[in-house]
Amino acid sequence: MHNEGTEQASAAATSILNNIQLWQDATAAGDVDKLLDLMDEDVVFLVAGHPPMKGREQFAQNLRNILQTHHIASSSQIQEIVVQADLAYTWSYLQVEIIPKQPGPQMRRAGNVLSIWRLLADGNWRLCRDANLLTLEMQPEPGA
C-alpha cells in the first residue's frame, strides 16, 4: 500500500478498502441499490471485448438482468492502493463465480482489476472508473 503518508490518506485507504468489501457483500446479496451508492454517477466500466459501460443506470440494468437467473460471489486480493488528494486507485486480483439459480454450469472469471476512486463533496469515496481484465477460468469436465 502506498499513499501520501498522511493520516488523511491512511483513513482514505481504509474507507476505500471498506467500500470494496461492501461491494462484494452487496453483490452476493443481490443489493443493486447498495452497489449504486458506491459508484459515481458517471462511472465507466472497461471490459475487454465489450464497449465501455457508462453510468450507474447501465450498470444496474445489466446486473439486474444477470441476478434474475444467477447469484454472484466474489473475492479480491488487494495488490496496491494509492491515495493522492481526492483521487485514488486500487489494483486487485479478483475472482468471480456466477452461479445459476437453476441447475446448470457455473462460470468462474478471474484476473486483475484497476479501479479509480474519487472523493466526492459528501466526504465519501466512490468508484469512478474500473478496468476489468478478468478472463474465463476453465472448469474441469465432469468425471475428468
Margin query: Applying a strict under-4.5 Å side-chain criterion to I, L, V, M, F, W and Y, I'd like to know whether L94 and L136 cluster together.
Written below: yes
Which atom pairs, one a donor and one an acceptor, fall under 3.5 Å between side chains of residues 22-29 and the rest of the protein, sequence neighbours left out?
unit_1: Q24; atom_1: NE2; unit_2: S76; atom_2: OG; d: 2.7
unit_1: D25; atom_1: OD1; unit_2: Q21; atom_2: NE2; d: 2.9
unit_1: T27; atom_1: OG1; unit_2: W23; atom_2: O; d: 2.8

Notebook entry, point to check: Has the side chain of R108 got a donor or acceptor atom that lies under 3.5 Å from a matching backbone atom of E97?
Noted result: no
Check: Is the backbone of K54 close enough, under 3.5 Å, to the side chain of Q58 for a donor and an acceptor to pair up by distance?
Finding: yes
Margin query: If I take atom CD from residue Q84 and atom OH from residue Y89, how far apart are they, to the nearest 0.5 angstrom?
Written below: 8.5 Å
Margin query: Can you tell me how far apart OG1 (T69) and CD (Q102) are? Round to the nearest 0.5 Å.
Written below: 9.5 Å
Note to self: To the closest 0.5 Å, what do you measure between OG1 (T90) and CD1 (I116)?
What the structure shows: 9.0 Å
Checklist line | Common cluster, I81/L133, ILVMFWY with side-chain heavy-atom separation under 4.5 Å | finding: no
Note to self: Taking V113 as the starting point, is it possible to reach I66 by hopping between hydrophobic residues whose side chains are less than 4.5 Å apart?
What the structure shows: yes
Note to self: Check for me, please, whether W117 and Y93 land in the same ILVMFWY cluster - side-chain distances under 4.5 Å, paths through other members count.
What the structure shows: no
Item checked: Sequence neighbours excluded, every pair satisfying side chain to side chain donor-acceptor pair (under 3.5 Å) that has a member inside residues 39-48 -> D40-R118, E41-R56
Next item on the list: Supply the atom-to-atom distance F45 CZ to S115 OG, rounded to the nearest 0.5 angstrom.
Entry: 8.0 Å
Item checked: Sub-4.5 Å side-chain heavy-atom contact between C128 and M39 -> no
Item checked: Polar contact flag, side-chain donor to acceptor under 3.5 angstrom, D130-N132 -> no
Next item on the list: Identify the two heavy atoms, one from P52 and one from V44, that lie closest to each other, and give their separation to 0.1 Å.
Entry: CB-CG1, 4.1 Å
Checklist line | Separation between CG of L127 and CG of L36, rounded to the nearest 0.5 Å | finding: 11.5 Å
Next item on the list: Would you give the length of the straight line joining atom CE of M107 to atom CD1 of I72, rounded to the nearest 0.5 angstrom?
Entry: 9.5 Å
Checklist line | Partners passing side-chain contact (heavy atoms from CB on, under 4.5 Å) against N18 (at least two apart in sequence or in another chain) | finding: T14
Notebook entry, point to check: Any link between L46 and I20 through a network of hydrophobic side chains (Ile, Leu, Val, Met, Phe, Trp, Tyr) touching at under 4.5 Å?
Noted result: no
Check: Can you check whether L120's main-chain N or O pairs, donor with acceptor, with D86's side chain at less than 3.5 Å?
Finding: no
